[in-house]
2 protein chains.
Amino acid sequence: MTEPSPLPHPERDAIELTAVLFALSDEARLALVRQLSNGPLDMVDCLALGVNTPKSSRSHQVKVLREAGVIISELRGRRRQLTLRRSDLDSRFPGLLEAVLGA
Amino acid sequence: MTEPSPLPHPERDAIELTAVLFALSDEARLALVRQLSNGPLDMVDCLALGVNTPKSSRSHQVKVLREAGVIISELRGRRRQLTLRRSDLDSRFPGLLEAVLGA
DNA sequence: GTCATAGTTCGATGATAGTCGAACCAATTG
DNA sequence: CAATTGGTTCGACTATCATCGAACTATGAC
């Protein structure tokens, strides 16, 4: 069983459109979301955030996506697994994710 | 014939996804776009930007949408008519506008 | 237990974005 | 023509966001 992450995630119904759009309006974060569209990834394996980018910066970008409700960030051992909240986003904003990823 | 506006608009192919998402990530701008989805509107008639909002602030918000390629801003007499660039956006990011407006 | 790994949090700093008054400009009205 | 209307642009200020080092925490490896 995966223990729930201590970091807060918004409930599905609390996800706000403007927050999602803002989170996706950054090249690096958008690249990360594209990577995650192929399945979950450990944070350390996400090269979308830049290879030489310091940990604190990477952590910040992930935080923005998490707080907007775009991804889930779960502790798995000492790593953190990132998962795109595809079904939550699809149910709340149908077609949005597909349109963004398809572009 | 409507004279072309002196203000610059990006070509359809130059419209960038992140710029569009950023432009739509603001409540007031999003509200304006929703209004424009019902057809063109003169800027002075757009109450989505707020009734007491000063001219310079309104102008700024419209500028962000225009520079992102979301709307066209044409001089019509001494008014400025705003039009949603629906077909340009649809052809470049299929389904995006529909998803955003439907949410 | 000790050490390395993976990541968060904090605080400072720099960059970017929003707000608004004031001056300006062009087109319409009278 | 002059006055009004509708809007842009500029500059100053404020607020928000991004970057990054440093300190700290927790897990897994040895």
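Here is how names work: the chains are called A, B, and so on, in the same order as the sequence lines, proteins then strands, and each is numbered from 1. These numbers come from the heavy atoms of this one structure, side chains and all, not from hydrogens, waters or symmetry mates.
Linking ILVMFWY residues whenever their side-chain heavy atoms come closer than 4.5 Å, directly or via other members, leaves B:Val62 and B:Ile72 in distinct clusters. Under the 4.5 Å side-chain heavy-atom criterion for ILVMFWY residues, a single connected hydrophobic cluster contains both B:Leu36 and B:Leu49.
A side-chain donor-acceptor contact under 3.5 Å links B:Arg80 and B:Ser73.
Rounding to the nearest 0.5 Å gives a distance of 12.0 Å between NZ of B:Lys63 and OG of B:Ser56. Rounding to the nearest 0.5 Å places CG of B:Leu32 at 6.0 Å from CG of B:Leu82. Taken from OG1 in B:Thr53 to CD in B:Gln61, the straight-line distance is 8.5 Å, to the nearest 0.5 Å. We find the CZ-CZ distance between B:Arg78 and B:Arg76 to be 15.5 Å, quoted to the nearest 0.5 Å. B:Gln81 CD to B:Arg79 CZ: the interatomic distance, rounded to the nearest 0.5 Å, is 10.0 Å.
Counting heavy atoms from C-beta on, the side chains of A:Val70 and A:Leu84 come closer than 4.5 Å. The shortest distance between side-chain heavy atoms of B:Arg66 and B:Leu7 falls below 4.5 Å.
Note on A:Asp90 versus A:Arg85: no salt bridge recorded, every NZ/NE/NH1/NH2 to OD/OE distance being 4.0 Å or above.
First and last contacting nucleotides of DNA chain C toward chain A (any atom under 4.0 angstrom from a heavy atom, 5' to 3' order): C:dA4 to C:dT9.
The separation between B:Glu74 atom CD and D:dG7 atom P is 14 Å, rounded to whole Å. Across the protein-nucleic acid pair, A:Phe22 atom CZ and D:dT16 atom C1' stand 8 Å apart, rounded to whole Å. Rounded to a whole Å, the CG atom of B:Leu75 is 11 Å from the P atom of D:dT9. Straight-line distance from the CG atom of A:Asp26 to the C1' atom of D:dC17: 10 Å, rounded to whole Å.
Checking the phosphate oxygens (OP1, OP2) of D:dG7, no side-chain nitrogen or oxygen of B:Arg78 falls inside 4.0 Å.
Applying a 4.0 Å cut-off to non-hydrogen atoms, none of the residues of residues 30-44 of chain B approaches DNA chain C. Across residues 46-64 of chain A, A:Lys55, A:Ser56, A:Ser59 each have a non-hydrogen atom less than 4.0 Å from an atom of DNA chain C (numbered order).
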Between side-chain atoms of residues 92-103 of chain B and protein atoms elsewhere (two or more places apart, or another chain), which donor-acceptor pairs fall under 3.5 Å?
unit_1  : atom_1 : unit_2  : atom_2 : d
B:Arg92 : NE     : B:Arg12 : O      : 3.4
B:Arg92 : NE     : B:Ile15 : O      : 2.6
B:Arg92 : NH2    : B:Asp13 : O      : 3.2
B:Arg92 : NH2    : B:Ile15 : O      : 3.0

Enumerate, atom names and distances included, each donor-acceptor pair closer than 3.5 Å involving a side-chain atom of residues 16-27 of chain A, sequence neighbours excluded.
unit_1  : atom_1 : unit_2  : atom_2 : d
A:Thr18 : OG1    : B:Glu27 : OE2    : 3.1
A:Ser25 : OG     : A:Phe22 : O      : 2.7
A:Asp26 : OD2    : A:Ala28 : N      : 3.0
A:Asp26 : OD2    : A:Arg29 : N      : 3.0
A:Glu27 : OE2    : B:Thr18 : OG1    : 3.1

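Each end of the helix from C:dG1-D:dC30 to C:dG30-D:dC1 gets its own axis from five base pairs, and the two axes differ in direction by 30°, given to 10 degrees.
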